[in-house]
Protein chains: 2
Amino acid sequence: MTDISRSGCPINLSLEVLGDKWSLLIIRDMMFGNRRHFRELLTKSEEGISSNILADRLKTLLDEGIITREDDPTHKQKGIYSLTEQGIELLPVLAQMAAWGYRYLPVSEELGIRARLLSEGGPKLWAEFMDELRENHLGLKRRKRAGPSVGERLQAAYESVVNRK
Amino acid sequence: MTDISRSGCPINLSLEVLGDKWSLLIIRDMMFGNRRHFRELLTKSEEGISSNILADRLKTLLDEGIITREDDPTHKQKGIYSLTEQGIELLPVLAQMAAWGYRYLPVSEELGIRARLLSEGGPKLWAEFMDELRENHLGLKRRKRAGPSVGERLQAAYESVVNRK
DNA sequence: TAAACTGCTTGCGATTTGCAACTGGTTGTA
DNA sequence: TACAACCAGTTGCAAATCGCAAGCAGTTTA
């Protein structure tokens with residue numbers, strides 16, 4: 001690992017950790033796709049990451065404190081990857097990036113619907129989703145709200161678009 | 001150029017354009033450091049990009065419509081790079097990334113002050129700064145406000161920290 | 001007991017990176 | 001008019017990284 005940093009600028013330091021074509025996609029799949037195992041991240045992603053790259057990025061994200069890994073009690077070989085608070089707080093970065101991509105790049109309808117809802121919901125919706133992530137990844141208890149969760153709503157919207165086509 | 005995209009996901013598409021260690025730093029320098037010429041971007045950055053990488057990234061950013069290039073009337077060899085509206089709207093992405101880095105990475109005091117002010121100012125301050133960028137890069141007229149601009153305030157805060165040390 | 005599945009690792013060719021030197025031209029100064 | 005400094009890049013090359021495919025040892029399922 002190269003521990004020397006080019007500068008102490010927060011944007012630069014962030015890019016030294018996350019500035020590649022895969023790291024944030026892994027975070028995205030953990031957040032929005034609820035992928036928690038190696039195989040899930042490997043095979044259930046749209047983009048088809050290769051296993052060596054995935055292993056390398058997971059190691060980096062572990063080292064940086066963005067995710068954790070624990071053994072799965074139901075399967076001796078499986079590991080469960082979870083987001084840390086530091087990882088969960090990447091949601092606003094992803095949300096802004098999704099909003100920008102939605103506005104300016106050739107986004108497909110079914111994969112754009114989450115970005116649209118997230119953008120329309122704004123920081124308030126992001127905070128609610130982050131609370132859900134804290135519950136699912138950090139095991140924190142949360143006041144039960146009425147109706148479906150943000151994650152469920154995003155997923156339902158996605159499936160609705162897929163089924164309509 | 002590889003025009004094939006891995007998926008139509010807005011986050012993925014954004015990363016295919018900006019997912020490397022330099023592109024967003026160039027945008028950052030254009031926004032916050034007001035670097036507009038090749039040499040300025042090359043020599044006045046903290047991180048020391050090399051000229052071939054800079055040339056390559058500028059070409060990509062041009063192709064993607066994130067920046068434009070025009071001849072400098074005062075110097076036959078100089079080109080002036082400007083942000084487009086699409087480029088200016090990357091500010092919230094940078095702001096969120098800066099806020100995250102400021103919170104979790106070993107940011108230096110002088111280079112972190114801008115991130116702190118930007119984070120404290122929130123979306124309202126970002127919008128004001130984006131209006132200033134539109135004035136400087138797109139030539140749009142803007143209602144004159146009282147007092148120093150956001151860019152000036154950020155710069156003053158940075159210099160204040162530098163001088164104090 | 002065999003097939004499928006688990007989280008990775010390894011080999012290797014192709015691409016990308018980054019340093020350094022260089023190019024062809026322009027501008028400022030004496 | 002000469003010359004140094006400055007301009008936006010380009011080129012060559014070694015090193016690092018990427019990404020495909022195959023492989024591996026252990027575990028679970030049928």
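Convention: sequence-line order gives letters A, B, ...; per-chain numbering from 1.
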| task | Quick one, give me the B/S/- string for nucleotides 24-30 of chain D, reading 5' to 3', where B means a protein heavy atom under 4.0 Å from the base and S means that only happens at the primed atoms, P, OP1 or OP2. | result | -BBSS--

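Between D/dG9 and B/R57, no contact under 4.0 Å exists linking OP1 or OP2 to a side-chain N or O.
Between the axis at the start and the axis at the end of the helix from C/dT1-D/dA30 to C/dA30-D/dT1 there is an angle of 20°, using five pairs per end and rounding to 10 degrees.
The main-chain N or O of A/G65 is found under 3.5 Å from a side-chain atom of A/T84 such that the two form a donor-acceptor pair. In terms of modelled atom types and a separation under 3.5 Å, the side chain of B/H37 and the main chain of B/K78 share no donor-acceptor contact.
Rounding to whole angstrom units, CG of residue A/L42 and C1' of D/dA22 are separated by 14 Å. B/I53 places its CD1 atom 14 Å from the P atom of C/dA20, with the value rounded to the nearest Å. Rounded to whole angstrom, the span from the CH2 atom of A/W22 across to the C1' atom of D/dC20 amounts to 12 Å. Distance B/D56 CG to C/dT17 C1': 10 Å, rounded to the nearest Å. Between B/H37 atom NE2 and D/dG9 atom C1' the separation is 15 Å, expressed in whole Å. The interatomic distance linking A/D20 (CG) with D/dG19 (P) rounds to 9 Å, in whole Å.
The 5' end of DNA chain C is approached more closely, in terms of each residue's nearest nucleotide, by A/R69 than by the other of A/R6 and A/R69.
Comment: B/R134 engages B/D131 in a salt bridge, judged by a side-chain N to carboxylate O separation of less than 4.0 angstrom. A salt bridge links B/R28 with B/E47: at least one charged nitrogen is closer than 4.0 Å to a carboxylate oxygen. Look at B/R36 and B/E70 and you find no salt bridge, because none of the NZ, NE, NH1 or NH2 atoms lies under 4.0 Å from a carboxylate O. Between A/E16 and B/K21, no side-chain nitrogen of the basic residue sits less than 4.0 Å from a carboxylate oxygen of the acidic one, so the salt-bridge criterion is not met. A salt bridge between B/R164 and B/E109 is present, with a side-chain N of the basic residue lying under 4.0 Å from a carboxylate O of the acidic one.
Listed by first then second residue, pairs satisfying ring pair (Phe, Tyr, Trp, His ring centres under 6.0 Å) with a partner in residues 144-165 of chain A number zero, not counting sequence neighbours. Residue pairs meeting the ring pair (Phe, Tyr, Trp, His ring centres under 6.0 Å) criterion with at least one partner in residues 10-35 of chain B, sequence neighbours excluded, are B/F32-B/F129.
Within residues 45-52 of chain A, the residues that place at least one heavy atom under 4.0 Å from DNA chain D are, in residue-number order, A/S50, A/S51, A/N52.
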Show me the donor-acceptor pairs, under 3.5 Å and distance only, between side chains in residues 117-126 of chain B and residues at least two apart or in other chains.
| unit_1 | atom_1 | unit_2 | atom_2 | d |
| --- | --- | --- | --- | --- |
| B/E120 | OE2 | B/R116 | NH1 | 2.9 |
| B/W126 | NE1 | B/L118 | O | 2.9 |
| B/W126 | NE1 | B/G122 | O | 3.4 |

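Side-chain proximity of A/K78 to C/dG18, C/dT6, D/dG19: nearest is C/dT6.
To the nearest 0.5 Å, the span separating OG on A/S108 from NZ on A/K165 amounts to 6.5 Å.
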